[in-house]
Every structure is written in C-alpha cells, then in structure tokens.
Amino acid sequence: MAVLNSTSLQIPAQMAQGIIDNVQTGSAVAALSGQKPQRFGATNIVTFNKHPRAEFVEEGAQKSPAEAVYDTAKATPHKAQVTVRFNQEVMWADEDTQLGVLQSLSDAAQVALARALDLGVFHRLNPLSGDAMTSWTNYLTSTSKVVTASGDVDKDIESLIGKVLAGEEDGPDVNGIAFSKAEAFALATAKDKQGRLLHPELGYGTTMTAFNGLPAYVSTTVNAPEAKTKTNIAAIAGDFANGVYWGVQKDLPVELIQFGDPDGMGDLKRNNQLALRLEILYAWYVFPERFAVVKGATTPAHA
C-alpha cells in the first residue's frame with residue numbers, strides 16, 4: 001500500500017515520537033521545564049500564592065485553620081504548523097521513497113516546532129512572520145522584573161537572579177536560566193583584571209548546560225532574531241519548574257495537499273508540486289512574575 005495515497009495521513013508512530021523528543025531537546029522551554037500531561041482544550045491550573053502552614057496540636061487542643069491564598073489560571077491551546085513542498089513525482093515513487101519524504105518532513109518539523117514553542121512562550125511571536133500575536137496576553141517576557149544590561153555580564157546575571165529571589169517568603173525559586181548566544185559567549189569569555197577567564201569551564205558558552213549550579217540552556221530563541229521589533233532580551237532566569245505549564249495536546253496529523261496555494265508560494269499544480277502539512281497543538285500558561293530578564297546588548301567586562 002502506498003504511503004501518500006490519502007489526503008489524511010498519520011505520521012508513523014516512531015517518527016511522531018521522534019518529533020516530540022526533539023521538540024523537548026531543541027527548545028529552551030522544554031529543556032528547562034518538563035512537559036505536563038494535557039487534556040484537549042483549555043486546562044485550568046490551581047496555584048498557591050500563599051502556601052498553608054502546618055500546626056502542632058497538643059492533645060485535646062482545638063485545631064486552627066491554615067491560611068492559604070490560591071488562584072486559578074488557564075493553559076490555552078495554540079496550534080503550530082509546518083508546510084513543506086515536494087515535487088509531485090514522489091507520488092509515483094515506491095513506499096520506501098515516500099517514507100523518506102515523511103522523514104524529511106519530520107526532520108524539518110522538529111526544529112521549527114521546537115522553536116515555535118519558545119517564541120510563543122517567551123515573546124508571543126509568530127515564527128514565520130516575526131509579528132507579535134497581539135491577542136495573546138500571556139507570555140514570559142511581559143514580566144516587570146527587568147535588569148538593564150550594564151556591560152558587566154556577571155553583575156547582570158547576579159542582579160537577574162536577585163530580581164526573582166528578592167520577594168516574599170512564598171516567592172518563586174530560580175531553577176533554570178536561558179541565555180542568548182551572545183550573552184553566553186560574553187559570560188564564557190569574561191575576564192578578571194589580570195586577564196584570566198572567570199568561567200573557564202564554560203568554553204565558549206555554546207554548549208552550556210549549567211551555570212553556577214543552575215540548569216542552563218543557550219538558544220537564539222531568547223533574543224528571537226526573527227522578531228520584526230527587536231526583543232533585546234539577553235537572558236531569562238526564574239522558576240522554570242513551576243512558572244511554566246506546557247504540554248502537547250494532540251497527535252501529529254499530516255495532511256497531503258495537491259491543489260491550490262496553501263502557503264503563498266504559488267499554485268501547486270502549476271509548479272508540479274504537492275505539499276505536506278504537519279500540525280501540533282500545544283497548550284501553555286506562564287507566570288511572568290516568576291521570571292526576570294536581562295534586556296540590552298552586553299559585552300565582556302573585567303571584574
């Protein structure tokens with residue numbers, strides 16, 4: 001049976017799992033914040049703004065109520081899609097070749113969908129156009145906790161962590177930090193007054209997975225160069241464990257499109273092409289005030 005013989009396809013299970021796995025390793029959000037199980041549709045999240053406290057009770061004494069302040073938030077579905085064109089001749093190829101086409105789609109989708117998750121959660125950006133999704137009011141970099149880059153990258157990161165931790169007793173923890181490539185390089189090459197590297201263990205910062213005991217991730221999604229309006233974000237730190245609630249809500253269907261102009265690149269029949277479209281349904285909610293950002297370009301500085 002030919003693989004590409006229907007307009008409604010299901011990507012093979014191993015490829016679909018490969019896409020999900022690579023989304024989780026290719027995204028700063030996914031690398032620093034584990035995926036949560038999701039049901040289809042909007043998902044309510046109950047959060048404690050003030051945690052209850054336990055009470056020791058002597059024998060025969062009355063029990064007191066524990067004060068707790070909680071709130072609810074809603075993880076909202078967001079659909080991302082990748083459309084890839086191929087020459088129409090693949091319809092006439094053998095099954096192995098057609099599976100290779102699906103694998104090519106899978107490979108292209110992995111990077112695009114991982115990047116889409118970050119750009120949506122961090123900046124509410126549409127990856128293809130670079131425009132802000134202005135109807136989305138929930139995104140991480142809307143936080144009011146902003147450190148203006150000073151040129152001293154170590155001082156900026158210290159201030160960044162302090163912005164998150166300098167809150168109430170029940171305030172957020174810092175359990176992850178994401179760097180732009182430029183910020184990671186600046187940190188890795190920062191030197192003291194004698195010209196010695198302050199962080200020689202970081203190499204050039206390109207493969208950083210930890211910094212001063214914190215899980216770390218380096219990605220251009222932090223500064224988002226595709227954004228039409230520059231973000232100027234250099235680093236993000238905060239409560240990735242509890243401050244981001246995200247997951248994948250739906251399997252990965254593949255649509256075979258043989259007619260029309262599905263992506264603005266011209267009529268398929270006229271160009272002797274077909275298109276394969278893969279969609280993924282994310283849902284997320286982020287608590288911006290559990291995070292802080294460094295904003296503005298930085299350069300290596302002496303201590």
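Quick note: residue numbers are just sequence positions, from 1. A quick note: this is a predicted structure, and the numbers were derived from the prediction, not measured.
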Measure the [atom1]-[atom2] distance between [X] and [Y] for me, rounded to the nearest 0.5 Å.
X: Ser144; Y: Glu289; atom1: OG; atom2: CD; value: 3.5 Å
X: Thr220; Y: Phe179; atom1: OG1; atom2: CZ; value: 15.0 Å
X: Phe122; Y: Ile233; atom1: CZ; atom2: CD1; value: 10.0 Å
X: Lys163; Y: Glu158; atom1: NZ; atom2: CD; value: 13.5 Å

Taking [Y]'s backbone N and O only, do any of them form a donor-acceptor pair with [X]'s side chain (distance below 3.5 Å, no angle check)?
X: Asp261; Y: Gly266; result: yes
X: Ser27; Y: Ala30; result: yes
X: Arg124; Y: Trp136; result: yes
X: His123; Y: Leu140; result: no
X: Asp239; Y: Pro172; result: no

Item to check | Listed partners of Asn126 passing side chain to side chain contact (heavy atoms under 4.5 Å, CB included), at least two apart | outcome: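 Counting only residues at least two positions away or on another chain, Asn126 forms a side chain to side chain contact (heavy atoms under 4.5 Å, CB included) with Leu128, Ser129, Met133.
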Test item: [X] and [Y] side chains (from C-beta on) under 4.5 Å apart, heavy atoms:
X: Tyr285; Y: Asn138; answer: yes
X: Phe259; Y: Lys269; answer: yes
X: Ile177; Y: Leu160; answer: yes
X: Thr206; Y: Phe185; answer: no
X: Ile257; Y: Leu268; answer: yes
X: Val248; Y: Ile280; answer: yes
X: Leu274; Y: Leu256; answer: yes
X: Val84; Y: Val82; answer: yes

Item to check | Shared hydrophobic cluster for Val218 and Val111 (ILVMFWY, side-chain gaps under 4.5 Å) | outcome: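 No; Val111 is not reachable from Val218 via cluster members.
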Item to check | Shared hydrophobic cluster, Tyr217 / Trp246 (ILVMFWY, side-chain heavy atoms < 4.5 Å) | outcome: yes
Heavy-atom closest contact ([X] atom, [Y] atom, distance):
X: Val121; Y: Val244; answer: CG1-CG1, 4.4 Å
X: Val29; Y: Asp118; answer: N-OD1, 3.0 Å
X: Leu187; Y: Val153; answer: CA-CG1, 3.9 Å
X: Thr143; Y: Val146; answer: O-CG2, 3.8 Å
X: Val222; Y: Thr231; answer: O-OG1, 4.0 Å
X: Gly176; Y: Leu214; answer: N-CD2, 4.4 Å

Checklist entry - Is the Trp284 ring parallel, tilted or perpendicular to the Tyr282 ring (thresholds 30°, 60°)? => result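 Judged by the thresholds at 30° and 60°, the geometry between Trp284 and Tyr282 is tilted.
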Would you mind writing out the side-chain donor-acceptor pairs for residues 197-205 within the sub-3.5 Å range, not counting sequence neighbours?
| unit_1 | atom_1 | unit_2 | atom_2 | d |
| --- | --- | --- | --- | --- |
| His199 | NE2 | Asp154 | OD1 | 2.8 |
| His199 | NE2 | Asp154 | OD2 | 3.2 |

Item to check | Gln273/Gln258 under side-chain contact (heavy atoms from CB on, under 4.5 Å): CA gap, chis, key distance, verdict | outcome: CA-CA 7 Å; Gln273 293 176 325; Gln258 301 182 64; over 6 Å; no
Next on the checklist: My understanding is that a hydrophobic cluster links ILVMFWY residues whose side chain heavy atoms are under 4.5 Å apart, including indirect links. Using that, what else belongs to the cluster containing Leu125?
Outcome noted: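 Same cluster as Leu125: Leu119.
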Checklist entry - Would the Phe291 and Phe240 ring centres measure less than 6.0 Å apart? => result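 Yes, close enough.
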Checklist outcome for this item: Only one of Val147, Thr148, Asp152 passes side-chain contact (heavy atoms from CB on, under 4.5 Å) with Ser150, and that residue is Asp152
Next on the checklist: Quiz question: by atom type and distance under 3.5 Å, do the side chains of Asp263 and Thr83 form a donor-acceptor pair?
Outcome noted: no
Item to check | Under 3.5 Å side-chain donor-acceptor pair for Asn223 and Asn232 | outcome: no
Item to check | Salt-bridge present (Asp267, Arg85; N to O < 4.0 Å) | outcome: no
